[in-house]
Student: 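Below is one structure. I have some questions about it.
By convention in this document, chain letters (A, B, ...) are assigned in the order of the sequence lines, proteins followed by strands, and residues within each chain are numbered from 1. For the numbers below, each heavy atom of this structure counts, side chains included, while hydrogens, waters and symmetry mates do not.
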4 protein chains.
Amino acid sequence: MVNRMTHPSAPRGRPRDSRAHQAILTAAAELVAELGYAAASIGAVAARAGVGKDTVYRRWPGKAELVYEAVFTRTEAAPAPDTGSLTGDLTALLESLVQEFAAPAATAALPGLLADFAADPDLRARIRSEFLAPAKDGLVAVFERAVRRGEADPGLPVDLVLDTLAGAVFFHVGLVGERPGPQLAAQLAAIVGRGIETR
Amino acid sequence: MVNRMTHPSAPRGRPRDSRAHQAILTAAAELVAELGYAAASIGAVAARAGVGKDTVYRRWPGKAELVYEAVFTRTEAAPAPDTGSLTGDLTALLESLVQEFAAPAATAALPGLLADFAADPDLRARIRSEFLAPAKDGLVAVFERAVRRGEADPGLPVDLVLDTLAGAVFFHVGLVGERPGPQLAAQLAAIVGRGIETR
Amino acid sequence: MVNRMTHPSAPRGRPRDSRAHQAILTAAAELVAELGYAAASIGAVAARAGVGKDTVYRRWPGKAELVYEAVFTRTEAAPAPDTGSLTGDLTALLESLVQEFAAPAATAALPGLLADFAADPDLRARIRSEFLAPAKDGLVAVFERAVRRGEADPGLPVDLVLDTLAGAVFFHVGLVGERPGPQLAAQLAAIVGRGIETR
Amino acid sequence: MVNRMTHPSAPRGRPRDSRAHQAILTAAAELVAELGYAAASIGAVAARAGVGKDTVYRRWPGKAELVYEAVFTRTEAAPAPDTGSLTGDLTALLESLVQEFAAPAATAALPGLLADFAADPDLRARIRSEFLAPAKDGLVAVFERAVRRGEADPGLPVDLVLDTLAGAVFFHVGLVGERPGPQLAAQLAAIVGRGIETR
DNA sequence: GGCTAATCGAGACGGTACGTCAAGTCTTCCA
DNA sequence: TGGAAGACTTGACGTACCGTCTCGATTAGCC
């Protein structure tokens with residue numbers, strides 16, 4: 001009975017081939033890294049994956065969703081380490097953000113990907129709720145610890161700070177193409193950390 | 001002789017029609033605002049402007065340059081007002097930045113435009129040197145005044161702060177589609193201003 | 001023992017469902033009548049019959065064979081009545097031919113069906129041996145009676161006359177879409193009958 | 001002034017390239033002859049002609065119209081010779097019909113072409129008015145001469161006779177694939193000629 | 001006033017990608 | 001083993017833009 005509730009429709013017919021799924025994601029990440037987002041066509045992804053176009057369209061509605069999954073959902077969310085200070089926590093958080101955005105496939109994909117997300121109302125709503133969700137969770141945890149330590153006031157505009165961090169990294173790394181130095185995260189964390197701490 | 005040197009080739013043949021130039025820019029801004037950047041094709045711009053496609057391609061190499069000029073170079077650079085304090089100056093600077101990015105045509109154009117700029121090496125180099133140049137001039141002036149006042153140290157990473165401000169506004173307004181409240185510029189200025197001021 | 005010889009492999013496993021067989025034929029005839037031959041896909045036939053595609057392909061090699069069986073092998077061959085004269089016999093034979101070709105499903109199916117038969121070498125060979133076989137049997141009987149009566153000479157080119165009759169009806173009814181008047185069979189029989197009779 | 005009347009709309013824009021036109025027709029005829037009607041795709045025709053697909057679709061709405069023009073409108077209509085007798089005239093007319101239908105490209109194209117014409121209401125109407133028009137003109141001329149000679153009665157069902165002749169040749173040559181012997185036209189002319197002549 | 005030359009609107013050109021559809025095969029679970 | 005369901009590869013469909021080109025017709029500066 002419980003199974004019936006949780007699996008209301010038994011999966012009928014031939015199940016989807018998980019090797020095809022994986023091959024498509026790999027091919028998409030490769031092609032985006034090689035050719036850039038705009039030049040990586042769905043047809044080319046399918047061809048490299050050894051798969052028909054329908055097999056791609058059956059799983060993803062368009063290039064944006066496919067590339068998003070291929071490039072950005074493979075790394076696990078960092079556990080938001082507790083370094084003992086607001087600036088230290090922000091540095092750690094920014095370091096993982098920089099690392100994620102600076103990966104070759106990510107740099108190649110980000111601008112076009114964000115443009116496609118912004119152009120579609122459905123996708124646009126998912127930027128905050130999906131794309132930035134892991135970072136937001138981390139940021140909220142960092143804030144809570146800072147408030148407990150007395151370093152920060154409650155009521156901080158979390159979304160605004162998140163957009164600032166993400167926007168800064170995107171512009172600096174993803175858009176202008178600056179290779180991120182090892183001190184980038186610390187610099188940003190210093191500015192924003194001091195900007196939001198109490199006093 | 002001097003004229004000959006500076007204008008080595010006298011303009012022969014029929015001169016370009018400035019009304020066509022203007023009609024194209026207007027049509028481009030309208031179409032981007034109505035359909036979005038991706039759906040606004042050069043053919044459609046030419047048709048609405050009552051102009052042949054070649055007349056567009058003769059003046060701009062592609063959609064990115066055309067839309068950039070149509071949407072972003074019509075407002076004059078603000079004169080960077082001196083409000084007497086770093087935070088006040090930053091607020092003023094951010095207010096004009098927010099105003100520029102929040103215009104309907106700009107919101108519609110920005111993500112796709114930045115994606116096209118980022119995808120092309122030549123255009124990518126122009127993001128800082130052209131797109132962000134006016135804002136950078138303003139920011140440099142603000143910094144110099146703050147240093148003179150003793151509010152800030154020389155040697156601030158201007159480019160990084162600039163990317164932070166622009167990135168924050170782009171993510172918050174241009175990408176996520178948040179309607180900017182009247183306090184947005186002040187909030188951001190407070191965070192970044194306090195983050196970079198001396199001590 | 002004899003049964004075992006004639007059926008050397010006893011049918012093992014689940015026997016084929018004859019209701020599925022019938023449902024497929026009915027669905028095929030309906031869809032061809034509704035949408036035309038080209039637009040009636042095997043997938044749609046299977047879906048309407050409540051059947052998997054494999055169940056169709058297990059019984060028929062392709063759309064042509066399926067539709068042929070669905071549309072043309074349901075009416076029993078007429079017994080070739082003896083009216084006492086060559087023209088009368090031809091009229092009767094043509095009337096059943098016209099009736100068969102003028103049925104809605106037949107009109108819809110014929111051109112595409114013949115095209116598919118003609119395109120495939122195996123099927124092309126079956127046009128005479130199957131498609132036209134009943135009519136040919138009838139025509140041969142009619143000729144034999146006419147020869148016995150002295151109305152016709154032996155050695156008539158049966159195949160050519162058959163192609164003429166079938167081609168005339170196909171062009172007039174199946175292709176041009178002319179609704180066949182009640183005198184059509186008689187008119188054709190008069191022309192061809194007088195054309196082949198002795199003297 | 002008169003020119004203005006006869007050419008009310010001056011041809012603007014780049015004129016169509018007649019070499020492309022010709023290359024497409026040649027490629028279409030070749031591919032149909034090589035692969036058959038169904039397997040000759042418009043994309044393949046365009047590729048062989050060294051032309052974009054749009055250049056094909058700009059001139060013809062679909063494969064049927066293109067192939068019809070490529071295969072059947074290249075031979076000039078025969079002048080309907082006056083042999084002095086109804087049967088002789090019919091033989092001449094049928095000889096050119098057989099010759100036209102028996103050409104390799106025509107045999108390959110005919111069944112599929114007629115199916116596509118029959119499937120589309122607009123095209124179906126054009127079978128008589130275009131496809132059969134030259135033959136009909138010839139047949140009418142033959143009939144008029146026969147009536148003047150007293151060999152035939154006025155009021156003959158021209159369309160029915162035409163469908164009979166065309167249908168016979170199509171079935172015998174185009175569909176069944178019979179190689180037409182030299183006596184085919186004479187045999188058919190004998191049957192139909194005697195069938196319709198007075199007395 | 002003719003000559004030269006670039007620009008104008010229009011639209012055809014060769015390409016490339018799109019997203020959909022059908023064909024015929026294969027793979028799962030269920031009877 | 002049969003059957004229903006549906007995923008699979010392949011390949012054609014017809015459309016839309018891309019950026020370039022080719023027309024005839026303007027519209028200037030130059031001799």
Student: How many whole angstroms separate atom CZ of B:Arg19 from atom P of F:dT27?
Tutor: 9 Å
Student: Measuring from the side chain of A:Arg58 (C-beta onward, heavy atoms only), which nucleotide among F:dC8, F:dT27, E:dG24 has the closest atom?
Tutor: F:dC8
Student: Going through the distances and angles, do D:Leu110 and D:Phe72 end up as a side-chain contact (heavy atoms from CB on, under 4.5 Å)?
Tutor: CA-CA 10 Å; D:Leu110 255 184; D:Phe72 286 105; 3.6 Å; yes
Student: Would you mind reading off the distance between C:Asp54 atom CG and E:dC29 atom P, rounded to a whole angstrom?
Tutor: 16 Å
Student: Start with the C-alpha distance between A:Ile42 and A:Tyr57, add both sets of side-chain angles, then the distance that settles side-chain contact (heavy atoms from CB on, under 4.5 Å), and finish with yes or no.
Tutor: CA-CA 9 Å; A:Ile42 289 194; A:Tyr57 282 108; 3.7 Å; yes
Student: side-chain contact (heavy atoms from CB on, under 4.5 Å), that's the test. Do D:Lys53 and D:Val56 meet it? Break it down for me.
Tutor: CA-CA 5 Å; D:Lys53 277 202 290 177; D:Val56 178; 5.7 Å; no
Student: Regarding A:Asp116 and A:Tyr37, is there a side-chain donor-to-acceptor distance under 3.5 Å anywhere?
Tutor: yes
Student: Closest to the D:Arg14 side chain: F:dG19, E:dC18, F:dT22?
Tutor: F:dT22
Student: From F:dC23, E:dT20, E:dT27, pick the nucleotide closest to the side chain of D:Pro15?
Tutor: F:dC23
Student: Using only atom types and a distance under 3.5 Å, with no angle test, would you say the side chain of B:Lys63 pairs donor to acceptor with the backbone of B:Leu113?
Tutor: no
Student: If you check every side-chain atom of D:Ile42, which of F:dG14, F:dT20, F:dG6 has the closest atom?
Tutor: F:dG14
Student: Please report, rounded to the nearest Å, how far the C1' atom of E:dC21 is from the NZ atom of A:Lys53.
Tutor: 11 Å
Student: Go through residues 107-114 of chain D and report each residue with a non-hydrogen atom lying under 4.0 Å from DNA chain E, sorted by number.
Tutor: none
Student: Among F:dC17, F:dA4, E:dT20, find the nucleotide with the atom closest to the side chain of B:Ser41.
Tutor: F:dC17
Student: Taking CZ from C:Arg48 and P from E:dA22, how many angstroms apart are they, rounded to a whole number?
Tutor: 14 Å
Student: B:Leu66 CG to F:dC18 P: how many Å, rounded?
Tutor: 11 Å
Student: Rounded to the nearest Å, what distance is computed from the CZ atom of residue D:Arg12 to the P atom of nucleotide F:dT22?
Tutor: 20 Å
Student: Identify, between B:Gly62 and C:Ala20, the residue whose nearest nucleotide on DNA chain F lies closer to the 5' end.
Tutor: C:Ala20
Student: Atom CG of D:Asp120 and atom P of F:dG14: how far apart are they, to the nearest Å?
Tutor: 12 Å
Student: Closest approach to the side chain of C:Tyr57, judged atom by atom: which nucleotide of E:dA12, E:dT25, F:dG19 is it?
Tutor: E:dT25
Student: Only one of D:Thr26, D:Val45, D:Val67 forms a side-chain contact (heavy atoms from CB on, under 4.5 Å) with D:Leu31, so which one is it?
Tutor: D:Val45
Student: E:dA22 P sits how many Å from C:Leu35 CG, rounded?
Tutor: 10 Å
Student: Quick check on DNA chain F: between D:Ala40 and A:Arg59, whose nearest nucleotide comes earlier from the 5' end?
Tutor: A:Arg59
Student: Below 4.0 angstrom from OP1 or OP2 of F:dG3, is there any side-chain N or O of C:Thr55?
Tutor: no
Student: Apply the test salt bridge (Lys or Arg N to Asp or Glu O under 4.0 Å) to residues C:Glu65 and C:Arg59: give CA-CA distance (whole Å), side-chain angles for both, the deciding distance (0.1 Å), then the verdict.
Tutor: CA-CA 10 Å; C:Glu65 294 91 339; C:Arg59 293 155 203 265; over 6 Å; no
Student: For the pair D:Trp60 and D:His21, name the ring-plane relationship: parallel under 30°, tilted 30 to 60°, perpendicular over 60°.
Tutor: tilted
Student: Which residue, A:Lys63 or B:Ala46, contacts DNA chain E at a nucleotide closer to its 5' end, judged by nearest heavy atom?
Tutor: B:Ala46
Student: Which residue, C:Ala38 or A:Pro61, contacts DNA chain E at a nucleotide closer to its 5' end, judged by nearest heavy atom?
Tutor: A:Pro61
